[in-house]
Amino acid sequence: QVQLVEFGGGLVQPGGSLRLSCAASGFTLDYYAIGWFRQAPGKEREGVSCISSSDGSTYYKNSVKGRFTISRDNAKNTVYLQMNTLKPEDTAVYYCAAYRDYKDAYYHLCTLNEADYWGQGTQVTVSS
């Protein structure tokens, strides 16, 4: 059974940090671009950060550049999103997604929301 499961969400104060994990089962992430998305109440889902499998190319939404870092550990079949200096506007349900890799797939994943698999999401709340 193909699955993506997110871990690591929670409540954090502004300025704090969280690390999200996305674990895959039923398939290997080696050949997939992986992305993190978020959806806040009343808003559309948006691509936050995506990473290629072939050369490690990355995409970041402008508002998270310099604060968030995406990484992958293919040996563990897991992708991470390190989130630092969190702001209240980062509050959302965060999802990971996988898209069969090809040239620029990571960019299309993040900007066009094209994915083969989606996780169920994990809530991140930034509040004092």
Side-chain angles (χ1 to χ4, degrees):
Q1 181 182 2
V2 172
Q3 255 189 325
L4 289 171
V5 180
E6 300 92 342
F7 301 94
L11 172 65
V12 63
Q13 292 187 342
S17 299
L18 281 176
R19 188 175 82 153
L20 304 183
S21 302
C22 172
S25 60
F27 71 108
T28 177
L29 292 179
D30 290 31
Y31 305 107
Y32 286 80
I34 304 296
W36 286 97
F37 297 77
R38 67 187 181 189
Q39 187 167 22
K43 295 188 177 181
E44 293 188 353
R45 184 170 57 195
E46 59 181 7
V48 174
S49 181
C50 293
I51 185 168
S52 166
S53 71
S54 56
D55 61 5
S57 296
T58 56
Y59 166 92
Y60 291 95
K61 179 179 171 61
N62 283 340
S63 61
V64 307
K65 285 181 180 177
R67 301 188 298 122
F68 290 11
T69 303
I70 190 171
S71 61
R72 61 192 300 157
D73 186 340
N74 286 350
K76 294 183 178 180
N77 223 26
T78 301
V79 176
Y80 305 96
L81 185 68
Q82 178 67 43
M83 306 186 294
N84 298 329
T85 320
L86 283 160
K87 304 175 181 180
E89 51 263 43
D90 295 318
T91 295
V93 177
Y94 282 71
Y95 302 87
C96 65
Y99 190 35
R100 187 77 181 188
D101 206 8
Y102 60 90
K103 187 178 184 297
D104 297 331
Y106 73 99
Y107 183 79
H108 296 154
L109 174 60
C110 254
T111 59
L112 302 177
N113 280 213
E114 296 179 347
D116 295 309
Y117 308 115
W118 290 91
Q120 293 300 305
T122 185
Q123 176 70 44
V124 171
T125 302
V126 185
S127 174
S128 55

Output every pair passing side chain to side chain donor-acceptor pair (under 3.5 Å) with a member in residues 8-17, not counting sequence neighbours, ordered by first then second residue. Ser17-Asn84

Distance-only donor-acceptor check, side chains Thr125 and Ser127, under 3.5 Å: no

State yes or no: do Leu81 and Leu4 share one hydrophobic cluster built from I, L, V, M, F, W and Y residues joined by side-chain heavy-atom distances below 4.5 Å, directly or via other members? yes

Quick one: list whatever passes side chain to side chain contact (heavy atoms under 4.5 Å, CB included) with Val93, sequence neighbours left out. Tyr95, Gln123

Which pairs with one or both residues in residues 27-103 pass disulfide bond (SG atoms under 2.5 Å apart), sequence neighbours excluded? Cys22-Cys96, Cys50-Cys110

Output yes when a side-chain donor or acceptor of Glu6 lies under 3.5 Å from a complementary backbone atom of Gly121, and no otherwise. yes

Residue pairs, two or more places apart or on separate chains, that pass salt bridge (charged side-chain N to carboxylate O under 4.0 Å, His left out) and touch residues 46-59: Arg38-Glu46, Glu46-Lys61

Under the salt bridge (charged side-chain N to carboxylate O under 4.0 Å, His left out) test, residues paired with Asp101 that sit two or more places apart: none

Can you name the residues that form a side chain to side chain contact (heavy atoms under 4.5 Å, CB included) with Ala97, not counting sequence neighbours? Phe37, Leu109, Ala115, Trp118

Side chain to side chain contact (heavy atoms under 4.5 Å, CB included) filter on Lys43, not counting sequence neighbours, yields Ala40

Taking ring-ring contact (aromatic ring centres under 6.0 Å, His included) as the test, write out the residues that go with Tyr102, two or more places apart. Tyr99, His108

Excluding sequence neighbours, so at least two apart, what forms ring-ring contact (aromatic ring centres under 6.0 Å, His included) with Phe27? Tyr32, Tyr117

Does Val48 belong to the same Ile/Leu/Val/Met/Phe/Trp/Tyr cluster as Val12, with side-chain heavy atoms less than 4.5 Å apart forming each link? yes

What residues form a salt bridge (charged side-chain N to carboxylate O under 4.0 Å, His left out) with Arg72, not counting sequence neighbours? none

Return the set of residues passing side chain to side chain contact (heavy atoms under 4.5 Å, CB included) with Thr78 (not counting sequence neighbours), or none when no residue passes. Ser21, Ala23, Lys76, Tyr80

Please enumerate all residues that pass ring-ring contact (aromatic ring centres under 6.0 Å, His included) together with Tyr59, with sequence neighbours excluded. Tyr107

